[in-house]
There are 2 protein chains.
Amino acid sequence: MAYSNYAKTLQCLSDPTRRQVFERLRAGPRSVGALARGLPVSRPAVSQHLKALKNAGLVTHRAEGTRRVYYIDPAGLGELRRWLDGFWTDALESFKSEVAAANAAPKRKKHEPHD
Amino acid sequence: MAYSNYAKTLQCLSDPTRRQVFERLRAGPRSVGALARGLPVSRPAVSQHLKALKNAGLVTHRAEGTRRVYYIDPAGLGELRRWLDGFWTDALESFKSEVAAANAAPKRKKHEPHD
DNA sequence: ACTTACCGTAAGTCATGGCTTACAGTAATT
DNA sequence: AATTACTGTAAGCCATGACTTACGGTAAGT
């Protein structure tokens with residue numbers, strides 16, 4: 001379903017309220033009403049957040065009468081995790097070589113076209 | 001320095017342009033001008049993005065004449081990674097038990113206060 | 001000393017998106 | 001069939017924040 005889109009995942013998890021909805025699902029599946037009950041926003045707001053979360057592959061739902069029980073979908077988090085891990089190794093490497101370079105080489109001072 | 005703030009990190013990486021700046025640093029350290037050169041926004045915009053990235057513990061800079069050479073700081077990514085890993089294990093567990101519950105139990109139908 | 005390269009910040013504009021209040025629709029209870 | 005519980009969507013309002021231009025400030029070259 002949700003293809004490789006860590007971008008959407010990041011943008012989705014950036015909102016505090018939406019992340020709060022998501023964190024509530026960490027404990028286990030909940031209906032929309034149950035999710036909205038403890039939050040400082042209205043139920044439709046939660047519904048919209050859930051739509052965004054689902055679009056990012058972070059949650060799924062299952063019908064239960066008129067209720068929609070939402071629960072976490074590992075797909076979205078998985079993609080974000082892969083991206084982050086790749087970045088992490090590169091970052092460590094880059095950081096180490098940077099520190100080494102900073103200690104070894106003195107400061108450059110010329111005004112020249114640069115990279 | 002930057003304490004436990006995966007929230008700030010997420011909100012920081014949510015912007016596409018800012019993420020583009022960050023990804024450019026993946027290859028290695030760059031000056032502000034060099035970073036802005038290939039991007040579709042002005043240099044001050046890049047400067048502001050770098051400020052946000054630094055505030056989130058994602059980058060640091062080192063002076064080199066009048067240039068400021070920025071490079072990735074593992075701190076911010078590390079925190080995000082820790083949060084994500086914790087969430088990931090919980091999500092897997094929650095997902096598995098959810099699928100099991102969905103298969104085992106038939107649909108509930110009563111209109112009763114719920115959770 | 002003057003000029004040039006490089007950068008951060010201020011002020012102001014404008015689009016994005018999160019929230020609320022309606023409204024419409026389905027399923028279960030009586 | 002009528003009512004009640006539960007939800008998704010539409011329209012509109014409003015704050016957040018990303019971007020631009022303009023400016024001031026420092027360090028290096030001449």
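These numbers were taken from a predicted model, which means no experiment stands behind them. In what follows, chains are A, B, ... by sequence order, proteins preceding strands, each numbered from 1.
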Student: Just to confirm, is there a sub-4.0 Å distance from OP1 or OP2 of D/dA18 to any side-chain nitrogen or oxygen of B/Thr17?
Tutor: no

Student: Remember a base hit wins even if backbone is also touched, and classify A/Arg43 as base, sugar-phosphate or nothing at under 4.0 Å, heavy atoms.
Tutor: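 Base contact.
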
Student: Can you figure out which of C/dC19, D/dA18, D/dT20 approaches the side chain of B/Ser42 most closely?
Tutor: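 Of all the options, the side chain of B/Ser42 is nearest to D/dT20.
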
Student: Can you tell me how the ring of B/Phe87 sits relative to the ring of A/Phe22, calling it parallel under 30°, perpendicular over 60° and tilted otherwise?
Tutor: parallel

Student: Measure from the side-chain heavy atoms of A/Arg67 and tell me the nearest of D/dT7, D/dA18, C/dC7.
Tutor: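 It is D/dT7.
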
Student: Could you tell me the separation between the CG atom of A/Asn55 and the P atom of D/dT9, rounded to a whole number of Å?
Tutor: 11 Å

Student: Checking the side chain of B/Arg19 only, and the main-chain atoms of B/Leu13 only, is there a donor and an acceptor separated by less than 3.5 Å?
Tutor: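 Side chain of B/Arg19 to backbone of B/Leu13, a donor-acceptor pair under 3.5 Å: yes, one is there.
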
Student: Counting only distance, no hydrogens or angles, is the base of C/dT20 paired donor-acceptor with the side chain of A/Gln48 under 3.5 Å?
Tutor: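 Flag set: donor-acceptor pair detected.
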
Student: Between D/dT20, C/dG18, C/dC19, which nucleotide has the shortest distance from any of its atoms to the side chain of B/Val41?
Tutor: D/dT20

Student: Round to the nearest Å and state the distance from B/Leu13 atom CG to D/dG17 atom P.
Tutor: 15 Å

Student: Starting at CZ of B/Arg18 and ending at C1' of D/dA18, how long is that distance when rounded to a whole Å?
Tutor: 8 Å

Student: Between B/Arg81 and B/Glu79 (salt bridge meaning N to carboxylate O under 4.0 Å), is one present in this structure?
Tutor: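 B/Glu79 and B/Arg81: not salt-bridged.
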
Student: Indicate the ring-plane relationship of A/Tyr6 and A/Trp83, choosing parallel, tilted or perpendicular according to the 30° and 60° boundaries.
Tutor: parallel

Student: Checking the side chain of A/Gln11 only, and the main-chain atoms of B/Ser14 only, is there a donor and an acceptor separated by less than 3.5 Å?
Tutor: no

Student: Starting from P on C/dG8, measure out to CG on B/Leu53 and report it in whole angstrom.
Tutor: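 Value for this atom pair: 12 Å.
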
Student: Taking CG from A/Leu50 and P from C/dG18, how many angstroms apart are they, rounded to a whole number?
Tutor: 13 Å

Student: Below the 4.0 Å mark, does C/dT16 have OP1 or OP2 next to a side-chain nitrogen or oxygen of A/Gln11?
Tutor: no

Student: Between A/Pro44 and A/Ala52, which is nearer to the 5' end of DNA chain C once each is assigned its nearest nucleotide?
Tutor: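 Its nearest nucleotide being more 5', the pick is A/Ala52.
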
Student: Looking at B/Glu23 and B/Arg26, is any side-chain nitrogen of the basic one under 4.0 Å from a carboxylate oxygen of the acidic one?
Tutor: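 Yes.
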
Student: Nearest to the side chain of B/Tyr70 - C/dG8, D/dT20, C/dC19?
Tutor: C/dG8

Student: For B/Leu35 and C/dC7, what is the distance between atoms CG and C1' respectively, to the nearest whole Å?
Tutor: 13 Å

Student: Is any side-chain N or O of A/His49 closer than 4.0 Å to OP1 or OP2 of C/dG17?
Tutor: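 Answer no for this pair, as no side-chain N or O of A/His49 is under 4.0 Å from OP1 or OP2.
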
Student: Examine D/dA28: is either OP1 or OP2 under 4.0 Å from a nitrogen or oxygen in the side chain of B/Thr66? Give yes or no.
Tutor: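 Checking B/Thr66 against D/dA28: no side-chain N or O falls below 4.0 Å of OP1 or OP2.
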
Student: Rounded to whole angstroms, how far apart are CG on A/Asp15 and P on D/dG17?
Tutor: 10 Å

Student: Rounded to whole angstrom units, what separation is found between the NZ atom of B/Lys51 and the C1' atom of C/dT9?
Tutor: 7 Å

Student: Which nucleotide wins on minimum distance to the side chain of B/Val32, given the candidates D/dG8, D/dC19, C/dC7?
Tutor: C/dC7

Student: Is the phosphate of C/dC7 approached by B/Arg68 (side-chain N or O, under 4.0 Å from OP1 or OP2)?
Tutor: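 For C/dC7, OP1/OP2 do not have a side-chain N/O of B/Arg68 under 4.0 Å.
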
